[in-house]
Number of protein chains: 2
Amino acid sequence: MKKTCCQHQFVTPCTKKVPIFHSLSEEEMQKIADMAKHESFQKGSPVVQEGDSSQTLFIVNKGRVKVSKTTVDGKEQILHLLTCGEFFGELNLFNGSPSQSISVYALESTEICLLRKQDIDQVMEENPNIAFKLLETVTNRLAHTENLVQNLATKDPEVRLVHMILEFSEKFGTETEKGIEIDLTLSREEIANYIGVTRETISRKLSKFEDLNFITAIGNKQLIVKDIDLLEEYVI
Amino acid sequence: MKKTCCQHQFVTPCTKKVPIFHSLSEEEMQKIADMAKHESFQKGSPVVQEGDSSQTLFIVNKGRVKVSKTTVDGKEQILHLLTCGEFFGELNLFNGSPSQSISVYALESTEICLLRKQDIDQVMEENPNIAFKLLETVTNRLAHTENLVQNLATKDPEVRLVHMILEFSEKFGTETEKGIEIDLTLSREEIANYIGVTRETISRKLSKFEDLNFITAIGNKQLIVKDIDLLEEYVI
DNA sequence: TTGCAGAAGTGACTTCAATCACCGTTGTTG
DNA sequence: CAACAACGGTGATTGAAGTCACTTCTGCAA
């Protein structure tokens, strides 16, 4: 049996984890999984470097990555955090005028499946509804980015931070008896680079939110949201 | 002959103006144009109000619109400026979880063609490559939004304004002997609401750029970029 | 376990865009 | 064309986040 990118590699092809392929049959999924190249990245290492414009779809099979841009004044702006089943590289693939200045870094030990443009094209030709799925996903990504714009446009950094915590609660949070537990995987500086403030401001505001009894920080990589309604009320 | 949404309504169906339909035959274009509803909006009037989530694709046939969101602190953040041939409403149509808080206003006298979801679905089923075109366009929109994020993340307002001028030069500019002429159609306040600063800051910075001989303002709705290279150098 | 480097917290200071207030300009409409 | 409202320019003030500098904490490796 061929090696696939999966953790349980002899049971499930990686494509099973990816929502855009969910409409396909077992054989088709296996076929695509066989076309894919698989790479591992350790925490902190670059998956895509600024300036790279390879015609490839990158699918996160395990782990977590950050997608970011660098501003003219040299700051990192994080655009997206992607986990298992999500993809990136769509700008270079589907955009009329590609060559984006985007970087992608592994936030933890990560496995990526790579599909070349020619393979994607073939898959889409044989299964037209993949195009619909892609359209849905990219539209979703657009909605997320527009929300990020809205958040960055909000002048008050506290509001921005609250919004981020609410977003993370939904995306990465798990209910516990103490509240919603969030695995950050981001450093304070990276949090800052996501909501457009400085590291120091994040420190101060998180302390403030602890004093206000909104959250509890466990170490530097975990947050517990004690009362999410309280947080929501705080930003009115 | 049926009425279409076109300026030369007895010659060309509105669909001819829209890149996503360019791959279709004359008859197909006419058929879609006949399915569409057509509405006119005068300058300043709302096309879509915050909260509206009608399952409709809106195609700009004539004029110009602004797509915006409102931040929690009550400010308008302009996301996109759309002209003839461009569309909006994609978030409600293709997004798994719709209901976006987005507003659209006519910036000048504008004509819009409306296509219902069921019609779009039918068109996509009959012409699968429309889905590809849509994917390309939405990806483009995503790239634009990510650039906006990058711009808003840039702390220096001068740099943000220069970027906007460069963007507008490309999208709305026409070469003249005096330089690149830009039809703004935006008020100073709307410019401010696009790059995330205040009206006053726009005033001051535009004056500064005039003093620096980068631009000339003609009235309040036109800019002439005297030397675009100078502008580009200014932001390094 | 110690030692070290990178990350995070924190106080003091600074800065620059926001805010406020006001006046001048434009353009719309009866 | 007069009158008014909306828009735009500009000076003075201010306040909150950025910046700087330093300490403390954390996690990793020898």
When you check the side-chain N and O atoms of Lys69(A) and Asn147(B), is any donor under 3.5 Å from an acceptor?
yes
Would you say Val138(B) and Leu142(A) make side-chain contact, with heavy atoms under 4.5 Å?
yes
For Phe172(A), is the NZ or CZ atom of Arg64(A) found under 6.0 angstrom from the centre of its six-membered ring and inside 45 degrees of the ring axis?
yes
Which of residues 198-213 of chain A have a heavy atom under 4.0 Å from DNA chain C?
Arg199(A), Glu200(A), Ser203(A), Arg204(A), Ser207(A)
In residues 69-82 of chain B, which ones come under 4.0 Å of DNA chain D, going by heavy atoms?
none
Let's go through Val162(A) and Ile165(A) carefully: what are the C-alpha distance in whole Å and the side-chain angles of both, what is the deciding distance for side-chain contact (heavy atoms from CB on, under 4.5 Å) to 0.1 Å, and is it a yes or a no?
CA-CA 5 Å; Val162(A) 168; Ile165(A) 296 173; 5.5 Å; no
Rounded to 10°, the helix from dT1(C)-dA30(D) to dG30(C)-dC1(D) deviates from straight, judged by its five-pair end axes, by 50°
Under the side-chain hydrogen bond (donor to acceptor under 3.5 Å, both in side chains) rule, what pairs show up with a residue in residues 156-168 of chain B, not counting sequence neighbours?
His144(B)-Glu167(B), Asn151(B)-His163(B), Glu158(B)-Lys205(B), Glu158(B)-Lys208(B), Glu158(B)-Tyr234(B), Glu167(B)-Tyr194(B)
Contact residues, residues 181-193 of chain A to DNA chain C [heavy atom, < 4.0 Å]:
Ser187(A), Arg188(A), Glu189(A)
Heavy atoms of other groups near Lys221(A) NZ, more than 12 under 6.0 Å:
yes
What are the 5'-most and 3'-most nucleotides of DNA chain C lying under 4.0 Å from any heavy atom of chain A?
dA8(C) to dA18(C)
Can you tell me if Gln222(B) has over 12 outside heavy atoms packed within less than 6.0 Å of its CD?
yes
Can you tell whether the side chains of Lys37(B) and Glu39(B) come within less than 4.0 Å, N to carboxylate O?
yes
With Lys171(A) via salt bridge (charged side-chain N to carboxylate O under 4.0 Å, His left out) - residues at least two apart:
Glu86(A)
Identify the heavy atoms of Val225(B) and Ser169(B) that sit nearest to each other, and give their distance.
CG2-OG, 3.6 Å
Nearest non-hydrogen partners of Leu223(A) and Leu184(A), listed with the distance:
CG-CD1, 4.0 Å
Heavy-atom contacts under 4.0 Å between residues 40-48 of chain B and DNA chain C, which residues?
none
Contacts of type side-chain contact (heavy atoms from CB on, under 4.5 Å), residue Ser54(B), not counting sequence neighbours
Asp52(B), Thr56(B), Phe58(B)
Judged by nearest nucleotide, the residue sitting upstream toward the 5' end of DNA chain D, Gly219(A) or Gly196(A), is Gly196(A)
Are any non-hydrogen side-chain atoms of Arg141(B) and Leu91(B) less than 4.5 angstrom apart?
no
Are any non-hydrogen side-chain atoms of Phe88(A) and Ile112(A) less than 4.5 angstrom apart?
yes
Minimal heavy-atom distance between Cys84(B) and Asn61(B), with the atoms involved, is SG-O, 3.3 Å
Identified side-chain hydrogen bond (donor to acceptor under 3.5 Å, both in side chains) partner of Thr70(B) from the options Glu50(B), Gln77(B), Glu76(B):
Glu50(B)
Partners of Lys155(A) by side-chain contact (heavy atoms from CB on, under 4.5 Å), sequence neighbours excluded?
Asp73(B), Lys75(B)
Heavy atoms of chain B, cut-off under 4.0 Å: which first and last nucleotide of DNA chain D, 5' to 3', fall inside that, if you could look?
dG8(D) to dG18(D)
Quick one, Ile202(A) and Ile195(A) - any side-chain contact, counting heavy atoms below 4.5 Å?
yes
Distance-minimising heavy-atom pair for Ala217(A) and Glu210(A)
N-OE2, 3.1 Å
With Glu181(B), which residues qualify under salt bridge (charged side-chain N to carboxylate O under 4.0 Å, His left out), at least two apart?
none
